[in-house]
Q: 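What follows is a structure written as structure tokens; I'll ask about it next.
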Amino acid sequence: MIAIKPEYLPIKSLMFDDQVVTLNFNGEVCSRFSDALWNFRHYIHNKNVSNSRALINFDTVLSDGSNFLDEKNSTLLLSTKQYLYTRFNTPNPRSGKVLGPQSLIGHFYSIKTFINYLISQKKYNFSLFNKDDTNRFQDYIFERNPKLGTNTNAKYLGVIEDLYHFRYLLPDGLAEHPWPDSSVVHLSNDRKNNGGRNLRQTPCIPDYLCSQLFTNSVKFLEDNSHRIIKSFSLLTKLALKIAYKELKNERKTNDIKTTRPDKLALYHAKRSREYIKYKNKILKRYNFSSKIELTKFMHKARACCYVIIALTTGMRNSEIASLNFSSFIKSEGWDGEEYFWLEDLTYKLEEEPTEAKWMVPEIVRIAIDHLTSVNFPLIDVIRFSLPYLNDSDKENQNNLIPFLFKGNDNKTNLLNGVSNDHWNQTLKLLSKEFDLCITEHNNDLKLPPGSIWPLATHHFRRTFACLAARSSLGDLRYLREHYKHWSLDMTLYYANTDVFDDSLFDEVLTERNDLQSTLVSDWIVKDVPLAGGRGEAIATFRQRGGLKKSKDMPSLVKQISDSVFVRGTGHSWCLASGDGCGGEGLYDELLCPDCDSSVIDKSHVPVWKGLKEQHELLLNMPDSGVGTKERAREYIKKSEELIDRLIV
């Protein structure tokens, strides 16, 4: 359910008078213009946004030590509210879009930096900023943060430029452009939107660390899920049983700040003699040294569930955060086999959440089962608290019940979805505990060997796309058996419905094109030995340096790469386009070395060595017939020829 935006009135309108900024789900006023706190929780769909990141709190300290709500800052406070209210309701003249709640909250933090600069210059109106301030503002922010990223710098500058573009709607806008001879892109050097920044900034987890991470996550759940669930369930049930009795006593305490009866009752229940006695027995029964250790294991198990789901689906953090009890489903495919899916909502670039669907291997069930079981006690806690919450909190907690990822929000004493910031902290800790130690110099983060990979939520989608792209290119190391027919060919099937995550297929296709370009580049640019009919042709082509017609080598590689479609057989690369063996080379390796459409390079040497060894064993088996021995000799001879040719 989404809250409706209240009616908008321009700031300069004569009728503007403490307008409503936000409403709740019931259409009741949630925030007014004059309030010190603007609450956007009802407009934010994502469950991975913490409550604190759904608010604009004007009760904040500025760089000079004053509070933003102090009388001396009243002009700047009013101008800030006018700007934010206008951006929330009025399309930008260039993009044609209004700011969404999360973007608006981000703009508040950016404009706060701008306000701190103005205060340092003894300027208490936005309109006093002029082009002479530009360099001083840049010096100011880099003095405060020398490692400031170009994209963050662009956000700071973008807010100032907004004050010029919205000057007709704001009483305190900028009359003149702040940098008439420049631009935000130029000043910040943030060239992503201009195509100048590297589009492949998202790192891919190295294969060996990815395997280690996934294996350890599955093993941790297999070894610990049952005892975590049983001990947590029994302890929660025990605490609630005593807490219901404590409610009647209405005992108070100064040890905690809250006055909510449910929280006070739980506090006293967990310190009662009865609870402590049985708590120790339960922990001992399930081999936990303390409640603190159980909590650590619960957080680690939840992180392992996240890893398993993220690595096998490529789902975004916001999508994983919205998984619920009915998300995991089974269905019979067009081939009569059983397939497994996660159904959920996707939010990326969507004004409204839309349904989406991802194919998953059966192993995901271990994560879903754990999350489902550990959530039953949490639901009991929510229901215990509901009678003591205000209407807004009661509605939020009720809405949270079906979702699998829940966490305690210490600021509100309520359960909430797990925020992206919390996930990144947890994943980095998991990376250390699983000792994800980098051993190779060649990694996307350019970290030296010996470093621990700093795992983050945005790494998983790119990693999944790389794995899937390699699978479609023929890398049999990918867990294809878990995904049945998961490949780019499935896009033909997926195209018949709108519920599948098309953008994920686009990312896989992009990764596949990159991999193919790299492969073709190695064949053309490097003087490496190649075999196969097409491999010999490429080796000959490399010698015709004077006849290569392209402005540079990257352009040539792209031109050639775009004109072929490379498929892997495991023992060769196939470039056939309808006139090949019809796929028989997948099963009969001897068809590939002399095929006009094949390329065999150094990466295939281990495979041909393995084929040679296997057929040497077959040749020496006493019960092998004449035909079998002759076939084995052919394999051994061809393997030896290829190995000698490819190893220089």
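Positions are given from 1 along the sequence. No experiment lies behind these values; they were computed from the predicted model shown.
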Q: Go through the structure and list residues passing salt bridge (Lys or Arg N to Asp or Glu O under 4.0 Å) with Asp409, not counting sequence neighbours.
A: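 Once residues adjacent in sequence are excluded, Asp409 has no partner under the salt bridge (Lys or Arg N to Asp or Glu O under 4.0 Å) criterion.
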Q: What pairs meet the ring pair (Phe, Tyr, Trp, His ring centres under 6.0 Å) rule with one or both residues in residues 280-306, with sequence neighbours excluded?
A: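 As it turns out, the ring pair (Phe, Tyr, Trp, His ring centres under 6.0 Å) pairs with a partner in residues 280-306, which skip direct neighbours, are Phe220-Phe297, Phe288-Phe297, Tyr306-Trp423, Tyr306-Phe460.
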Q: Taking salt bridge (Lys or Arg N to Asp or Glu O under 4.0 Å) as the cut-off, I'd like each qualifying pair that reaches into residues 277-289, sequence neighbours left out, listed once.
A: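 Of all non-adjacent pairs touching residues 277-289, none passes salt bridge (Lys or Arg N to Asp or Glu O under 4.0 Å).
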Q: Please examine the side chains of Ile368 and Ser327, heavy atoms only from C-beta on, and report whether any two atoms are closer than 4.5 Å.
A: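 Not in contact.
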Q: Answer with yes or no whether the side chains of Asn317 and Asn48 bring together a donor and an acceptor at under 3.5 Å.
A: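 Short answer, yes.
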Q: Please list, chain by chain and in numerical order, all residues satisfying side chain to side chain contact (heavy atoms under 4.5 Å, CB included) with Ile276, sequence neighbours excluded.
A: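 Result, side chain to side chain contact (heavy atoms under 4.5 Å, CB included) vs Ile276: Asn280.
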Q: So, the side chain of Thr22 versus the backbone of Asn39: is there a donor-acceptor pair under 3.5 Å, distance only?
A: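 Here the side-chain-to-backbone pair exists.
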Q: Could you name each residue pair satisfying ring pair (Phe, Tyr, Trp, His ring centres under 6.0 Å) that touches residues 238-277, not counting sequence neighbours?
A: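 Passing the test, one end in residues 238-277: Tyr244-Phe384.
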Q: Of the non-hydrogen atoms in Glu440 and Pro449, which two are nearest, and what is the gap between them?
A: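 Scanning both residues completely, I find the closest heavy atoms to be C-CG, 4.1 Å.
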Q: Quick one: list whatever passes side chain to side chain donor-acceptor pair (under 3.5 Å) with His459, sequence neighbours left out.
A: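 His459 satisfies side chain to side chain donor-acceptor pair (under 3.5 Å) with Trp453 once adjacent residues are dropped.
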Q: Run the side chain to side chain donor-acceptor pair (under 3.5 Å) test against Lys219 and tell me which residues pass, sequence neighbours left out.
A: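 Side chain to side chain donor-acceptor pair (under 3.5 Å) list for Lys219, sorted by chain: Asp223.
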Q: I'd like to check the salt bridge (Lys or Arg N to Asp or Glu O under 4.0 Å) partners of Glu433; sequence neighbours left out, ordered by chain and number.
A: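 Counting only residues at least two positions away or on another chain, Glu433 forms a salt bridge (Lys or Arg N to Asp or Glu O under 4.0 Å) with Lys300.
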Q: Decide yes or no for Phe328 and Val360: does some side-chain heavy atom of the first lie under 4.5 Å from some side-chain heavy atom of the second?
A: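 The answer is yes, as the side chains (C-beta and beyond) meet within the 4.5 Å cut-off.
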Q: Under 3.5 Å, is there a donor-acceptor pair between the Asn153 and Ser188 side chains?
A: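 Looking only at side-chain atoms, Ser188 and Asn153 do not form any donor-acceptor pair under 3.5 Å.
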Q: Quick check on Asn442: does its CG atom have over 12 non-hydrogen neighbours (other residues, nucleotides or ligands) under 6.0 Å away?
A: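 Atom CG in Asn442 is not crowded, with 12 or fewer foreign heavy atoms closer than 6.0 Å.
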Q: Is there a side-chain contact between Ile320 and Leu404 in this structure, where contact means two heavy atoms from C-beta onward sitting under 4.5 Å apart?
A: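 The answer is no; the side chains never approach within 4.5 Å.
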Q: Who are the side chain to side chain donor-acceptor pair (under 3.5 Å) partners of Lys270, not counting sequence neighbours?
A: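 Lys270 satisfies side chain to side chain donor-acceptor pair (under 3.5 Å) with no other residue.
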Q: Does any pair with a residue in residues 225-235 pass side-chain hydrogen bond (donor to acceptor under 3.5 Å, both in side chains), and if so which ones, sequence neighbours excluded?
A: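 As it turns out, the side-chain hydrogen bond (donor to acceptor under 3.5 Å, both in side chains) pairs with a partner in residues 225-235, which skip direct neighbours, are Asn224-Arg227, Ser225-His370.
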Q: Do Phe58 and Trp38 make the cut of ring centroids closer than 6.0 angstrom?
A: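 They qualify: ring centres under 6.0 Å apart.
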Q: Would you check, one step at a time, whether the test salt bridge (Lys or Arg N to Asp or Glu O under 4.0 Å) holds for Arg462 with Asp444?
A: CA-CA 11 Å; Arg462 168 91 196 285; Asp444 285 358; 3.5 Å; yes
Q: Is there a donor in the side chain of Thr60 and an acceptor in the side chain of Lys112, or the other way round, less than 3.5 Å apart?
A: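 Yes, side-chain donor-acceptor contact under 3.5 Å.
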Q: Is it true that atom CG of Asn57 has more than 12 heavy atoms of other residues, nucleotides or ligands lying nearer than 6.0 Å?
A: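 Yes, CG of Asn57 has more than 12 neighbouring heavy atoms, counting only those of other groups under 6.0 Å.
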Q: How would you list, by chain and number, every residue that makes a side chain to side chain donor-acceptor pair (under 3.5 Å) with Thr426, sequence neighbours excluded?
A: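 Applying side chain to side chain donor-acceptor pair (under 3.5 Å) to Thr426 gives His422.
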Q: Can you find a heavy atom in the side chain of Tyr109 that is under 4.5 Å from one in the side chain of Lys155?
A: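 Not touching, per the 4.5 Å side-chain cut-off.
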Q: Side chains of Asn375 and Lys406 only: does a donor on one sit below 3.5 Å from an acceptor on the other?
A: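 Yes, a side-chain donor-acceptor pair sits under 3.5 Å.
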Q: Rounded to the nearest 0.5 Å, what separates atom CD in Gln425 from atom CG in Asn420?
A: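 If we round to the nearest 0.5 Å, Gln425:CD and Asn420:CG are 10.5 Å apart.
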Q: With a 4.5 Å limit on heavy-atom distance, are the side chains of Ser290 and Glu293 in contact?
A: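 The answer is yes; the side chains approach within 4.5 Å.
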Q: Considering residues at least two apart in sequence or located in another chain, which fulfil the ring-ring contact (aromatic ring centres under 6.0 Å, His included) criterion with Phe403?
A: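 Scan of Phe403 (ring-ring contact (aromatic ring centres under 6.0 Å, His included), adjacent residues dropped) gives none.
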Q: Determine whether the side chains of Ser419 and Asp421 contain a donor N or O and an acceptor N or O closer than 3.5 Å.
A: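 Their side chains do not contain a donor-acceptor pair, so the 3.5 Å distance test is not met.
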